[in-house]
Amino acid sequence: MYEALAETILAVIVGVGLALAGVLVVLIWKTDRSRKVSYLRLVVQTAAVVGIFFSFTQALWLAIFLLVILVATLFTGRFFCGWICPFGFYMDLVALVRKAFRVRYLTLPENINQTLHRLRYVIAAVVLVSPLFLGALTVNAQSQTNLLFLRDPDRSLGLMLSPLEPLIVPWAGSVATLSFVSWSVSYPYTRDIMFYINIPLVTSILVYFFIASTLLSTFLFRRFWCRFCPTGISLAAANRFKAFKWSPLLHINKTEEKCTKCGICKRVCPVQVTDVYEQKGGEITTSVCLNCTRCIEMCPYEGCLKLTLAGKTLFKSRNWLEPSKTE
Amino acid sequence: MKSQTAEKKYLPDMPQKEIEEMNATVKSASAKIIADNIAKMKKTDPNRPAAMRYFDEVSDFFGMRQKEIQAAKAQGKKVIGYLCVFAPVELILAADAIPVRVNSGWYDTSKFGDRIVPVEVCPVIRSTIGAKMINLSPYLELSDAVITTLTCDGMTKFSEILSDVKTVWTMTPPRVKDSAQSLHLWKEEIKAVKTQIEKLTGNKITPKKLKEAIQTMQKATKAFRRLQDLRKGNPVIMGRDAMLVNQMSMWDDIKRWTEKTDALCDELEKRVAQKAWASPPDTPRVIVTGTPMFWPDNWKLPTLIEEATPRGLLVGDELCSSDRVLYDPVGVDEWTMDDMINGIAERYLMASTCPCFTSKDGNEDRVNWLINKVNETKANGVIYYVVRGCILYAMEYARVKRALDKINIPVYYLDTEYTREDVGQMKTRVEAFLEMLSARVDF
């Protein structure tokens with residue numbers, strides 16, 4: 001009974017908080033034009049976290065989620081990673097904290113960054129295959145197909161969906177990392193670590209090490225996990241093959257003549273995508289890009305960078321230096 | 001400030017009397033030229049925007065702005081001059097110093113410069129040397145230090161010559177933009193200059209101050225772009241007037257300049273609504289590119305274009321003395337010191353379209369800039385202006401011509417000198433080009 005009450009109260013708090021945050025964001029949005037889309041993105045991410053929070057226990061939802069994420073990347077690239085993913089949101093929040101401390105992020109050398117991006121596919125392959133073996137060792141009774149995605153009937157979450165884990169899990173009880181009165185604090189991947197490596201002391205050390213290292217790495221490097229996150233295996237990479245050339249619908253478009261190569265797009269990208277800067281013009285499709293559109297937001301040249309969905313311009317650069325009325 | 005007793009390496013020791021005499025002669029001639037240029041601009045556009053009066057006032061080199069800077073100096077402010085648009089103005093502003101551009105546009109002083117360097121040297125350099133020899137340029141005289149950027153050969157040696165009498169801080173821009181090491185070098189140069197500025201002014205450049213300075217410049221860019229946007233439509237302002245406004249941003253107090261430019265734009269927007277054009281809308285539209293032109297003397301080509309029969313209209317240019325000065329803003333991701341310095345370094349190096357850069361794509365940044373400008377302003381033709389001795393611009397002509405031929409825009413190569421003698425001949429050439437353009441417009 002207390003649990004139900006706690007849940008209702010929590011829902012009300014979340015709802016009111018979200019509304020207030022929305023008002024705040026609109027207010028900031030009006031004053032700072034160079035961060036308009038970033039704020040919009042924070043709102044979308046918050047809403048997504050709330051949505052995922054309430055649908056997290058339902059196995060069907062999660063299965064649909066995973067399917068949608070994977071298929072959507074074929075058409076919209078890693079839009080999910082940039083705008084919805086809760087883990088990404090936490091990393092953006094860490095970045096906000098870092099900004100408050102006035103610490104500048106570090107950048108990875110380009111070749112290391114590239115290697116990490118490529119490593120993504122290897123990690124994803126391991127993650128997709130390993131439950132078959134690991135799961136078979138720990139839970140003998142379950143069928144192997146079930147193990148692949150919906151590993152545990154109670155939680156019904158595959159490793160691929162771990163980044164979606166909300167920080168507060170009211171129903172999780174003792175399963176989550178830190179237990180408070182009736183609801184627990186959780187963190188992406190920690191429950192998987194606890195599930196697979198079930199040795200008392202080692203598990204908690206591993207869990208805390210994981211939390212600390214991901215938080216720290218994100219504090220130092222923007223969106224560090226996203227650079228090799230297995231969930232981010234973008235099927236958009238398929239557009240390298242002729243048969244899938246048609247598939248990406250969401251593009252960043254660049255007008256060659258308007259670009260002065262000032263390098264802002266390269267510098268502001270949270271996952272250090274260089275393609276927007278390096279490519280001379282036209283449609284930029286890279287499976288690394290999160291479609292967070294920070295580059296478009298910061299590009300100081302009117303109409304140089306555009307976000308297009310199936311040929312239609314969603315928005316273009318130069319929000320922060322308003323165009324005059326004569327245009 | 002360098003002591004007068006230090007051994008001079010280049011500049012001759014001229015008797016004080018001779019300097020004063022020459023200074024007086026050129027100064028009086030210059031005052032006449034400034035008045036004359038403004039009178040001509042008024043004549044071309046009888047309905048000249050009222051807001052231009054302020055810019056006329058600032059454009060007087062020996063008038064109000066000079067006195068203002070003198071007064072500020074008396075209060076302990078420092079003045080830092082610069083020669084190329086590579087100099088980080090934001091850093092100067094953040095240290096509470098006054099940035100002024102010190103290139104010279106005087107024709108007469110180039111003859112004094114001939115005494116030190118041969119006539120083959122670019123007249124912009126020669127004229128600036130000459131101006132220094134006779135202590136003519138008020139801004140160069142008032143500046144406590146000068147930032148030179150080693151963009152071309154002329155600038156490289158000029159830094160040495162100027163260091164005879166001034167504190168000179170040289171910045172070496174890498175000649176290749178697109179590599180990690182070149183940006184690294186440039187960042188170090190920016191940091192070194194920052195230290196120098198802090199040392200000279202005694203003011204520490206704090207993140208807060210730098211942020212303010214960057215935002216001031218961003219506002220200036222906004223006003224500047226607003227003016228350029230207004231020039232894209234039917235002619236609502238003559239090109240020379242706009243060029244004067246652009247140039248004054250390098251000498252005037254930037255905050256006041258922003259206000260006044262916004263006021264000018266307000267007035268122009270009203271005129272757009274009234275359809276009160278400064279020139280008939282079918283006037284051939286011309287863009288000038290090439291060697292920078294400086295007020296007051298080197299106003300030859302814009303005057304010729306806009307006073308020719310048939311009349312042309314200067315709708316834009318690709319000059320580092322006019323349309324390129326404030327076009328690029330500093331983009332800052334996060335307002336930390338490091339990122340602001342990064343932003344400044346990138347804005348001054350990467351966004352620059354100076355011909356001193358080389359790339360395997362043939363300095364395509366400049367070509368793209370020009371093509372974009374042509375498209376945006378709907379220009380009918382481009383005049384490629386080169387003064388004798390300006391090798392980088394002269395050599396890039398072939399590249400630019402090819403690119404513009406592709407989009408069917410005629411280019412005319414006009415080479416000249418810092419002299420008034422060839423005005424008649426130039427007039428014929430410019431008029432022939434404009435006639436061809438107007439024939440194309442009619443067609």
Can you tell me which portion of A:Lys99 sits under 4.5 Å from chain B's heavy atoms? Options are side chain, backbone, both or neither.
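The answer is the side chain of A:Lys99.
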Side chain / backbone / both / neither for A:Lys280 at chain B, heavy atoms under 4.5 Å:
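Side chain only.
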Determine whether the aromatic ring centres of A:Phe224 and A:Phe219 lie less than 6.0 Å apart.
no
Highest number of heavy-atom pairs under 4.5 Å with chain A: which of [options]?
| options | result |
| --- | --- |
| B:Ile371, B:Asn342, B:Thr353, B:Asn375 | B:Asn342 |
| B:Leu183, B:Val367, B:Asp178, B:Leu349 | B:Asp178 |
| B:Arg347, B:Lys177, B:Glu364 | B:Glu364 |

Indicate yes or no for a side-chain donor-acceptor contact from A:Thr286 to the backbone of A:Val288 under 3.5 Å, with no hydrogens or angles considered.
yes
Keeping the roles fixed (side chain from B:Trp257, backbone from B:Val245), state whether a donor-acceptor pair exists under 3.5 Å.
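Flag set: sc B:Trp257 to bb B:Val245 pair under 3.5 Å.
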Rounded to the nearest 0.5 Å, what separates atom CH2 in A:Trp225 from atom OG in A:Ser217?
8.5 Å
Does the structure place the NZ or CZ of A:Arg222 under 6.0 Å from the centre of the six-membered ring of A:Tyr105, at an angle of no more than 45° from the ring's axis?
yes
Identify which part of B:Asp338 has an atom lying under 4.5 Å from any heavy atom of chain A, answering side chain, backbone, both or neither.
both
